[in-house]
Engineer: 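Would you mind keeping the following structure in view while I ask a few things?
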Amino acid sequence: MRSSGGRPSPAAAFEEVRQVYHDLAARPIERNCSLRTECCHFKLTGKTPYLTRGEALLAARGLKATGRKALPARDDGACPLLDPQTSRCLIYEDRPFGCRTHFCAAAGGPYARREVIDLIHRLEELDERLGGDGPRALPAALASVL
Ligand code: SF4
């Protein structure tokens with residue numbers, strides 16, 4: 001079901017995305033992430049998170065809050081938001097849904113889609129209201145909104 005609501009303001013969109021992240025965190029799905037950042041090395045895992053437009057806007061705002069205006073360049077196939085100096089996510093509080101659901105084996109493995117499908121639908125519905133064209137791979141999704 002798609003909403004017929006108008007395009008939300010950036011503030012309203014950020015709030016909607018954050019509410020999805022909040023509702024996800026409230027789910028009783030046990031995982032134990034120890035910040036190994038394996039999942040941030042896309043070339044090694046063969047998996048890249050896909051972001052809806054609301055997620056990308058929130059991540060871009062998080063990146064700008066660090067003083068950066070563009071996506072940092074990386075040539076090792078890792079996420080451009082993984083700080084090479086600290087090996088930490090530059091936007092951890094605003095990290096996308098995929099980064100919150102795709103855990104490495106050591107952390108307990110990825111969430112099953114059926115466990116979070118309602119939350120995915122909320123992000124997709126917001127994407128449509130924001131004029132997005134569906135989830136895009138993280139580098140392209142960020143580049144399109146920076
Ligand atoms: S956004 Fe952050 S948590 Fe997600 S893959 Fe990139 S560095 Fe890792």
Side-chain angles (χ1 to χ4, degrees), residues 7-146:
R7 183 178 291 220
S9 67
F14 295 151
E15 183 55 35
E16 279 193 52
V17 175
R18 285 210 170 109
Q19 189 61 52
V20 170
Y21 295 166
H22 177 270
D23 292 349
L24 173 67
R27 296 268 158 105
I29 310 172
E30 289 297 322
R31 294 294 184 279
N32 183 27
C33 175
S34 55
L35 301 179
R36 296 161 63 117
T37 70
E38 281 180 24
C39 57
C40 308
H41 290 268
F42 305 155
K43 194 171 172 184
L44 289 178
T45 64
K47 292 182 169 50
T48 301
Y50 274 62
L51 279 60
T52 54
R53 189 166 178 82
E55 294 171 86
L57 288 168
L58 185 61
R61 195 180 75 155
L63 181 64
K64 286 176 187 165
T66 70
R68 295 167 176 84
K69 293 190 171 109
L71 214 48
R74 287 199 72 130
D75 58 8
D76 59 356
C79 178
L81 298 173
L82 186 64
D83 189 333
Q85 259 79 52
T86 65
S87 291
R88 291 283 178 261
C89 176
L90 288 167
I91 59 151
Y92 191 74
E93 293 303 316
D94 293 323
R95 68 197 186 284
F97 190 82
C99 307
R100 298 165 189 263
T101 54
H102 192 88
F103 292 91
C104 65
Y111 287 178
R113 188 173 163 83
R114 63 180 157 68
E115 294 175 295
V116 293
I117 189 68
D118 56 317
L119 301 176
I120 293 171
H121 285 162
R122 280 164 58 185
L123 292 171
E124 290 176 342
E125 188 268 330
L126 175 61
D127 177 272
E128 184 163 294
R129 277 187 284 126
L130 288 167
D133 53 5
R136 305 176 71 179
L138 185 148
L142 264 290
S144 73
V145 297
L146 280 167

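Counting convention: from 1, in listed order, for ligands and their atoms alike. Both backbone and side-chain heavy atoms feed into the values below; hydrogens, waters and symmetry mates do not.
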Engineer: Output yes when Arg100 and Glu55 qualify as a salt bridge under the 4.0 Å nitrogen-oxygen rule, no when they do not.
Structural biologist: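 The answer is no: the pair does not qualify as a salt bridge.
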Engineer: Cationic tip of Arg18 within the cone over Tyr21's six-membered ring, i.e. under 6.0 Å and within 45° of the normal?
Structural biologist: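 Here Arg18 fails the 6.0 Å and 45° test against Tyr21.
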Engineer: Do the side chain of Asp94 and the main chain of Ala59 share a donor and acceptor less than 3.5 angstrom apart?
Structural biologist: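 Checking the backbone N and O of Ala59 against the side chain of Asp94, no donor-acceptor pair under 3.5 Å is found.
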Engineer: Check ligand 1 against Phe42 and write out every atom of the ligand that is under 4.0 Å from a heavy-atom position of the residue.
Structural biologist: 5 (S)
Engineer: Of the protein's non-hydrogen atoms, which lies at the shortest distance from atom 4 (Fe) of ligand 1, and what is that distance?
Structural biologist: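 Of every protein heavy atom, Cys99 SG, 2.3 Å lies nearest to atom 4 (Fe) of ligand 1.
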Engineer: At a 4.0 Å threshold, what atoms of ligand 1 neighbour a non-hydrogen atom of Leu82?
Structural biologist: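 Heavy-atom distances to Leu82 below 4.0 Å select 7 (S).
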Engineer: What part of Pro80, side chain, backbone, both or neither, has a heavy atom within less than 4.0 angstrom of ligand 1?
Structural biologist: neither
Engineer: For Pro96, counting its heavy atoms only, list the atoms of ligand 1 lying under 4.0 Å from any of them.
Structural biologist: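 In order of numbering, the contacting atoms are 1 (S).
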Engineer: Let me check your reading of the structure: within less than 2.8 Å of atom 8 (Fe) of ligand 1, is there an N/O/S atom from Cys40?
Structural biologist: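 Checking Cys40: at least one N, O or S atom is under 2.8 Å.
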Engineer: In terms of residue, atom name and distance, what is the protein heavy atom nearest to atom 6 (Fe) of ligand 1?
Structural biologist: Cys79 SG, 2.3 Å
Engineer: Is ligand 1 less than 4.0 angstrom away from at least one heavy atom of Tyr92?
Structural biologist: no
Engineer: Closer than 2.8 Å to atom 4 (Fe) of ligand 1, do we get an N, O or S atom from Cys89, backbone or side chain?
Structural biologist: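 Short answer: no, not a single N, O or S atom is under the cut-off.
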Engineer: When you look at OH of Tyr50, are more than 12 heavy atoms from neighbouring residues, nucleotides or ligands closer to it than 6.0 Å?
Structural biologist: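 For Tyr50, atom OH is not crowded (no more than 12 foreign heavy atoms under 6.0 Å).
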Engineer: I want to check something: taking the side chain as every heavy atom from C-beta on, are Glu128 and Glu125 in contact at a cut-off of under 4.5 Å?
Structural biologist: no
Engineer: Would you indicate whether the side-chain heavy atoms of Leu82 and His41 approach each other to under 4.5 Å?
Structural biologist: yes
Engineer: Taking Arg61 for its side chain and Pro10 for its backbone only, find out whether a donor-acceptor pair lies under 3.5 Å.
Structural biologist: no
